[in-house]
Visitor: 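Handing you a structure now.
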Amino acid sequence: MDYNFNSIEKKWQQQWKESQAYKVSNDSEKPKYYVLDMFPYPSGAGLHVGHPLGYIASDIYARYKRLKGFNVLHPMGYDAFGLPAEQYAIEHGVHPAVSTDKNIATFRQQLDNIGFCYDWSREVRTSDAQYYKWTQWIFLQLFKSWFNRKTQKAESIDELVKVFEAEGNRHHPFPNEKYQVANFGLHVFNAADWKSFDEATRQHILMEYRLAFCGYGEVNWCEALGTVLANDEVINGVSERGGHPVVKKKLRQWYLRITEYADRLLQGLQTVDFSEAMKDMQTNWIGKSSGAEIEFQIANHKANVVVYTTRPDTIMGVDFMVIAPEHELVRQITTEAQQKEVDDYIDYVNSRSERERMAEKRITGAFTGAYAVNPFDETKHIPIWISEYVLAGYGTGAIMAVPCGDERDYRFAKQFNIPITNIIGEHFNGEDANATKDALLSNSGFLNGVPMREAMETVINEIEKRGIGKRKVNYRMRDAAFSRQRYWGEPFPVKWINGVAYALDESELPLTLPEVDSYSPGPEGEGPLANIPEWTSQNLETNTMPGYAGSSWYFLRYMDPQNDQEFAGRKATDYWNQVDLYIGGTEHAVGHLLYSRLWTKALYDLGYIGFDEPFKRLVNQGMIQGSSRFVYRMQAIATKENTGENVEFQLMLSSDYATKLTDELNEADSDFKHHAAINKLVHEKLQDKEYIINFSPIVRLHVDVNIVDGFELDIEKFKQWRNSEYANAEFILEDGKYICGAEVEKMSKTKYNTVNPDELVNKYGADTFRMYEMFLGPVEMSKPWDTKGIEGVHRFLKKLWRLFYKETNTGNRSGR
RNA sequence: GCCCUGGUGGUGGAAUUGGUAGACACGCAGGACUUAAAAUCCUGUGGGCAGCAAUGUCCGUGCGGGUUCAAGUCCCGCCCGGGGCACCA
């Protein structure tokens, strides 16, 4: 009996379908188990062999749990909004909904091929109005809520209004400490103040508390493309596409107040089963630190500069200060003599992305000409510099630099010849900064001889006593930007009236995405929706939500996907509860995971669900890398001496030959054996000695891995590849074979190293394919793909099949 | 630059807590079966040196140090690949 995988797999897949074998009910006596794959974006390129790795692992586990008597929820759906479909629409005029549907159909067909046990009756798509109705609804709940620091949870904004009416905001200060009520200059207001404020003022105040709120933020604005760009679309201050200048631009943006949840997000990590690496990444992203804010007076100036430091004990070692180039003080304090230098430096910084600024190894900066005064020693005047390594958005946008104790400060001081004060005695060797906390302080006035750990408290107490600073907990995490100037995303259910944002009534949901004629951006960096008169005439918000909106809560919708009264019924969410096993890549380590944890916590606080962590256990599958293959091309141009007539040859050199030839040409005393051989070959081809031949340098080109067997190129297929571009090439072989070069890289279409699972399933069957993917090694590990090994797994399954039939047909258990 | 992660034969990988490095598989080589091929089965396979051979011997887990009776595993310092760094999702 042959192992006929085609008919076996077809038969069973058909049977599963007809019997709805994997349809799962919300009513069951069995214990529940929820196995989830990370939400895929249905890209136009389709699945490659890297994608299903996690899906196969979760599928096996879901089947295992089902056999163990669990009621297993194992759904799949699509994160269907996103930039690639919009970009495709701009370039080809195809509506994103159309291209997305097409991509999903391909995706589905590819998934079905592999024989997964998904309950497809629960499929969701974020771009369906019946889905994003509830994304909009949750947004409205966030908009209508605030974070009560006293109770450490989200509460209705109506409750806050009652508090304001009774006592003002003295027990609930503005989350943004710098905020002052417009026209009143108040940080704190009382009940009478609140009653005296007009509607707009009240709404502006409430906006400062809402969990989903509107503010202003800087974006990468490209005038020539008329659009806002992501950081990685900006390279050296110009757009990746087209190389146009990019500048920072302030735009009105929506945000989620995730910073209020920083502590809860940290604490929650202790209750979930994620890898330590994953917890580290999230902890570092949140970036909680404790220290102090300290005011420094500026010499001969009214203004003062506030720095945030985690090391207040080192205050007597401050040799200079650095403030962010975009800090508002820069304009006020820069001296005339330094103005030009500062302006030039700011121009330079404006051309750089935040990423470039942080990654820069070179030390750059400019002196403002101003000096700050050390509050503990007024004879110490400290030069104030600006530099790109200080970011306006972190801390106070200003740091006190202690070069003997901080490596970056030390290099800065060396670069600009700023004298260094040693406050840690023999712990400082003069050549490297030492960030120790164990030294006894010296050169530190009233702190001399005090251990550093003790001095931290002493200094904080002293500055608080003198009213020039305070103890401060700081977070690196910023509020999450929640709007995009794009078309293909969820519209905000918000209307603008007299500059105030009002929520649409929930009965008006879904607010559906209107048809547009053009997907290009609106005026002044607004999204495409700003081009639609019917939209703008209703004063509707023209931004749309970002990709992570729909994916922040999709795991809840799977529990009750057809519910048109609620995002998911409480009975369903109570039954399914947390995702028991979540499988996906580490690329989502901070973004998606933090946002969905935030949404879960907010929905929990507001009483809509009964758990405040979405994912009980997380497993990160490794990435399957591509194994690229290369051919080596050398062009030969033969010119006839008397006529100037040109003949061009493409010579494809086998890997070994290319290496030897390259070495040979680089060596001065070489015999040029290989070069001479090639020269001879070209002359033989020409059958004429009247030619002068010039060779181009050897170029390495990616070649499609699907026409390479191991390392050996299939020359006939190569000649037909890319519209027969290389049909007339000459091949220089080794032992009669063309051997390709190889390298491990990211799997990507442009590198011609993608392998389509469909072909492998057709050739070997889904079981072989699945087994091989699992056989590649631990699921958490990254590894390069190599199709060669699949033969062995296939032979194993064939052997198993054969042995099974031999045993059952010849043994005593006759013919079973 | 910062955070996370990985580096072991020709290849993917194995080696439980510091205790025989290279399981298993691919590939390759040789053999059996066959008119022949495919399929299947058997044997060998980290590298160097010595030996007709059995075998012996030295080297060997990215690099350089260290701890230990013993290091792929622990410590220190590097190098290289991958992921993320807030508008790719």
Side-chain angles (χ1 to χ4, degrees), chain A residues 2 38-43 78-87 126 217-221 227-234 251 253 255-256 258 275-287 353-363 388-389 393 407-408 411 476-486 489 527 543-548 550-551 584-595 620 622-625 627 709-711 742-746 771-773 775-778 780-796 798-799 802:
Chain A
D2 279 349
M38 280 190 188
F39 218 19
Y41 176 78
S43 91
Y78 306 98
D79 192 9
F81 278 130
L83 204 51
E86 182 156 341
Q87 196 56 42
T126 54
E218 281 194 338
V219 295
N220 299 309
W221 169 248
T227 189
V228 175
L229 299 175
N231 272 336
D232 51 49
E233 293 176 300
V234 184
L251 277 186
Q253 301 274 30
Y255 293 89
L256 299 185
I258 192 171
S275 69
E276 284 308 309
M278 178 63 48
K279 291 182 184 181
D280 283 352
M281 278 189 267
Q282 294 202 7
T283 303
N284 293 337
W285 177 270
I286 293 166
S353 72
E354 201 169 289
R355 182 99 44 91
E356 287 170 327
R357 285 173 61 171
M358 288 187 294
E360 182 59 68
K361 276 186 193 172
R362 275 184 315 135
I363 296 157
E388 61 179 334
Y389 77 84
E407 194 52 43
R408 203 163 37 174
R411 291 203 308 268
R476 201 179 70 90
M477 181 168 67
R478 311 197 284 256
D479 281 328
F482 193 67
S483 51
R484 304 289 183 261
Q485 291 69 47
R486 309 283 185 195
N543 283 319
T544 54
M545 297 186 201
Y548 65 83
S551 62
T586 50
E587 66 270 28
H588 299 291
V590 283
H592 161 64
L593 284 168
L594 277 178
Y595 298 135
N620 293 111
M623 181 182 264
I624 292 198
Q625 293 139 333
S627 186
D709 180 21
F711 297 95
E743 196 171 290
V744 172
E745 297 179 290
K746 196 170 174 166
M771 195 163 172
Y772 182 56
E773 288 239 351
F775 194 75
L776 287 173
E780 298 93 339
M781 246 24 124
S782 288
K783 50 236 157 184
W785 179 263
D786 181 5
T787 301
K788 278 232 130 175
I790 201 168
E791 294 273 358
V793 170
H794 190 58
R795 274 201 286 272
F796 174 84
K798 279 204 281 194
K799 189 195 276 185
R802 209 170 47 237

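Here is the naming used below: chain letters follow the sequence lines, and residue numbers restart at 1 for every chain.
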Visitor: Out of A89(B), C4(B), C85(B), which has the shortest distance to the side chain of Y41(A)?
Guide: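 The listed nucleotide nearest to Y41(A)'s side chain is A89(B).
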
Visitor: With sugar-phosphate meaning primed atoms plus P, OP1 and OP2, does V590(A) contact a base, only sugar-phosphate, or nothing at under 4.0 Å between heavy atoms?
Guide: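 Result for V590(A) = sugar-phosphate.
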
Visitor: Mind checking the C1' distance from G9(B) to G44(B)? Whole angstroms is fine.
Guide: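 Their C1' atoms lie roughly 15 Å apart.
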
Visitor: Give one of base, sugar-phosphate or nothing for V793(A), where a contact means two heavy atoms less than 4.0 Å apart.
Guide: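 Touches nothing.
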
Visitor: Pick base, sugar-phosphate or nothing for G591(A), based on heavy-atom distances below 4.0 Å to the nucleic acid.
Guide: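 The residue G591(A) makes no contact with any strand.
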
Visitor: Can you identify which nucleotide, out of C85(B), A89(B), C87(B), has its nearest atom closest to the W285(A) side chain?
Guide: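 Nearest nucleotide to the side chain: C85(B).
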
Visitor: Test of understanding: with side-chain hydrogen bond (donor to acceptor under 3.5 Å, both in side chains), list the residues that count as partners of Y389(A), not counting sequence neighbours.
Guide: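 Once residues adjacent in sequence are excluded, the partners of Y389(A) under the side-chain hydrogen bond (donor to acceptor under 3.5 Å, both in side chains) criterion are D409(A).
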
Visitor: Which pair of heavy atoms, one from Y41(A) and one from A80(A), lies closest together, and at what distance?
Guide: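 In this case the closest contact between Y41(A) and A80(A) is CE1-O, 4.3 Å.
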
Visitor: When the C1' atoms of C76(B) and A89(B) are compared, how many Å lie between them, rounded to an integer?
Guide: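 After rounding to an integer number of Å, I get 40 Å for this pair.
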
Visitor: With a 4.5 Å cut-off on side-chain heavy atoms, are L251(A) and N543(A) touching?
Guide: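 A side-chain contact is absent here, since even the closest heavy-atom pair is not under 4.5 Å.
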
Visitor: Base, sugar-phosphate, or nothing: which does M477(A) touch, judged by heavy atoms less than 4.0 Å apart?
Guide: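 It contacts base atoms.
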
Visitor: Return the stems involving RNA chain B, sorted by first number, where pairs are Watson-Crick (N1-N3 with N6-O4 or O6-N4) or G-U wobble (N1-O2 and O6-N3), both under 3.5 Å, and runs are 3 or more long.
Guide: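 When the pairs of RNA chain B are grouped into runs of at least three, the stems are B:1-7 with B:79-85, B:10-12 with B:24-26, B:27-32 with B:40-45, B:46-50 with B:55-59, B:62-66 with B:74-78.
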
Visitor: Quick one: Y772(A) OH to C26(B) P, roughly how many Å, whole number?
Guide: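 Result: 11 Å.
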
Visitor: Starting at atom CZ of F39(A), determine the distance to atom P of A89(B), rounded to an integer number of angstrom.
Guide: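 Taking atom P of A89(B) as the reference, CZ of F39(A) is at 13 Å.
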
Visitor: State which residues pass side-chain hydrogen bond (donor to acceptor under 3.5 Å, both in side chains) with Q87(A); sequence neighbours excluded, sorted by chain then number.
Guide: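 Residues passing side-chain hydrogen bond (donor to acceptor under 3.5 Å, both in side chains) with Q87(A): E91(A).
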
Visitor: Which part of the nucleic acid does R476(A) contact within heavy-atom distance under 4.0 Å: base, sugar-phosphate only, or nothing?
Guide: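 Base, at least one base heavy atom under 4.0 Å.
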
Visitor: Counting only distance, no hydrogens or angles, is the base of C87(B) paired donor-acceptor with the side chain of Q485(A) under 3.5 Å?
Guide: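 Answer is yes: a donor-acceptor pair is held.
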
Visitor: Which of parallel (below 30°), tilted (30 to 60°) and perpendicular (above 60°) describes Y548(A) and Y595(A)?
Guide: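 Rings of Y548(A) and Y595(A): parallel, as their planes differ by under 30°.
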
Visitor: Counting any heavy atom closer than 4.0 Å, what does H588(A) reach on the DNA or RNA strands: base, sugar-phosphate only, or nothing?
Guide: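 Counting heavy atoms under 4.0 Å across all strands, the contact made by H588(A) includes a base.
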
Visitor: Can you check the Q282(A) CD to C85(B) C1' distance for me, whole Å?
Guide: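 Those two atoms, CD and C1', are 14 Å apart.
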
Visitor: Quickly work out the M38(A) CE to C88(B) P distance and round it to whole Å.
Guide: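 Taking CE of M38(A) and P of C88(B), I get 18 Å after rounding.
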
Visitor: Please measure how far the P atom in U17(B) lies from the corresponding atom in G31(B), and state the result in whole Å.
Guide: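 Looking at atom P only, U17(B) and G31(B) are 45 Å apart.
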
Visitor: Could you run down the sub-3.5 Å N/O contacts of the protein with nucleotides 9-16 of chain B?
Guide:
residue : atom : partner : partner atom : Å
G12(B)  : O2'  : L776(A) : O            : 3.0
G13(B)  : O5'  : L776(A) : O            : 3.4

Visitor: Considering only nitrogen or oxygen atoms on both sides, find all protein atoms under 3.5 Å from nucleotides 37-45 of chain B and state each distance.
Guide:
residue : atom : partner : partner atom : Å
U40(B)  : O3'  : R802(A) : NH2          : 3.2

Visitor: List in chain and number order the residues that pass side-chain hydrogen bond (donor to acceptor under 3.5 Å, both in side chains) with W221(A), two or more places apart in sequence or in another chain; answer none if no residue qualifies.
Guide: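 Result, side-chain hydrogen bond (donor to acceptor under 3.5 Å, both in side chains) vs W221(A): E223(A).
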
Visitor: So T227(A) and R486(A), do their side chains get closer than 4.5 Å, heavy atoms only?
Guide: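 Side chain of R486(A) against side chain of T227(A), heavy atoms only: contact under 4.5 Å found.
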
Visitor: Rounding to an integer number of angstrom, what distance separates A86(B) and G47(B) when you compare their P atoms?
Guide: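 Those two atoms are separated by 48 Å.
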
Visitor: Using the P atom as the point on both nucleotides, what is the distance between U61(B) and U20(B), in whole Å?
Guide: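 16 Å, rounded to whole Å.
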
Visitor: M281(A) side chain: which of C4(B), A86(B), A89(B) is closest?
Guide: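 Among C4(B), A86(B), A89(B), the one nearest the side chain of M281(A) is C4(B).
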
Visitor: So which heavy atom on P546(A) is nearest to which on A481(A), and how close?
Guide: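 Looking at all heavy atoms of both residues, the closest pair is CG-O, 4.4 Å.
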
Visitor: Spell out, as yes or no, whether a donor-acceptor pair under 3.5 Å connects the side chain of D479(A) to the backbone of I258(A).
Guide: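 Here the side-chain-to-backbone pair exists.
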
Visitor: Give a yes or no on whether the backbone of F39(A) and the side-chain of D79(A) come within a donor-acceptor separation of less than 3.5 Å.
Guide: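 No; judged by distance alone, with no hydrogens or angles, the pair does not exist.
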
Visitor: Using the P atom as the reference point in each nucleotide, state the distance between G22(B) and G56(B) in Å, no decimals.
Guide: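 It comes out at 15 Å once rounded to the nearest Å.
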
Visitor: Quote, to the nearest angstrom, the C1' distance that separates C41(B) from C33(B).
Guide: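 Each nucleotide's C1' atom is 8 Å from the other's.
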
Visitor: Starting at atom CD of E587(A), determine the distance to atom C1' of A89(B), rounded to an integer number of angstrom.
Guide: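 After rounding, the reported distance stands at 8 Å.
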
Visitor: Suppose you measure atom P in C2(B) against the same atom in G77(B); what distance do you get, rounded to whole Å?
Guide: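 Roughly 13 Å separates the two P atoms.
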
Visitor: Please classify the glycosidic conformation of G9(B) as syn (within 90° of 0) or anti (everything else).
Guide: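 With its glycosidic angle within 90° of zero, G9(B) counts as syn.
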
Visitor: Quick one: does M771(A)'s side chain get under 4.5 Å of F796(A)'s, heavy atoms only?
Guide: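 Yes. Closest side-chain heavy atoms under 4.5 Å.
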
Visitor: Toward the 5' end of RNA chain B, which comes first, D280(A) or S483(A), by nearest nucleotide?
Guide: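 Counting from the 5' end, the first nearest nucleotide belongs to D280(A).
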
Visitor: Can you check whether R484(A) has a side-chain N or O nearer than 4.0 Å to OP1 or OP2 of C87(B)?
Guide: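 Looking at the OP1 and OP2 atoms of C87(B), one of them is under 4.0 Å from a side-chain N or O of R484(A).
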
Visitor: Work out which heavy atom in L593(A) is nearest to a heavy atom in M278(A); give both atom names and the distance.
Guide: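 That would be CD1-SD, 3.8 Å.
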
Visitor: Assign G547(A) to base, sugar-phosphate, or nothing according to its heavy-atom contacts below 4.0 angstrom with the strands shown.
Guide: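 The answer is nothing, as G547(A) stays clear of every strand by at least 4.0 Å.
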
Visitor: Regarding Q253(A), tell me which of base, sugar-phosphate or nothing describes its non-hydrogen contacts under 4.0 Å with the strands shown.
Guide: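 Result for Q253(A) = base.
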
Visitor: Look at all strands and tell whether A589(A) reaches a base, only sugar-phosphate, or nothing, counting heavy atoms closer than 4.0 Å.
Guide: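 Touches nothing.
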
Visitor: Judged by atom type as modelled, is there a donor-acceptor pair below 3.5 Å linking the side chain of Q282(A) to the main-chain atoms of A589(A)?
Guide: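 Yes, Q282(A) side chain to A589(A) backbone: donor-acceptor pair under 3.5 Å.
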
Visitor: Please assess L83(A) against R484(A) for the test side-chain contact (heavy atoms from CB on, under 4.5 Å), listing each intermediate value before the final yes or no.
Guide: CA-CA 10 Å; L83(A) 204 51; R484(A) 304 289 183 261; over 6 Å; no

Visitor: Starting at atom CZ of R478(A), determine the distance to atom C1' of C87(B), rounded to an integer number of angstrom.
Guide: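 It is 12 Å, rounded to the nearest whole Å.
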
Visitor: Looking across every strand, which nucleic acid part, if any, lies under 4.0 Å from L229(A) by heavy atom: base, sugar-phosphate, or nothing?
Guide: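 L229(A): backbone/sugar contact only, no base atoms under 4.0 Å.
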
Visitor: Within the 4.0 Å heavy-atom criterion, would you say T283(A) contacts the bases, only the backbone, or no part of the nucleic acid?
Guide: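 T283(A): no heavy atom of the nucleic acid under 4.0 Å.
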
Visitor: So, do E773(A) and W785(A) sit near enough that their side-chain heavy atoms are less than 4.5 Å apart?
Guide: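 Yes - at least one pair of side-chain heavy atoms lies under 4.5 Å apart.
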
Visitor: In whole Å, what is the span from the CG atom of N284(A) to the P atom of A86(B)?
Guide: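 Distance check: N284(A) CG to A86(B) P gives 15 Å.
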
Visitor: Report the distance from atom CD of E218(A) to atom P of A86(B), rounded to the nearest whole Å.
Guide: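 Rounded to whole Å, this separation is 14 Å.
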
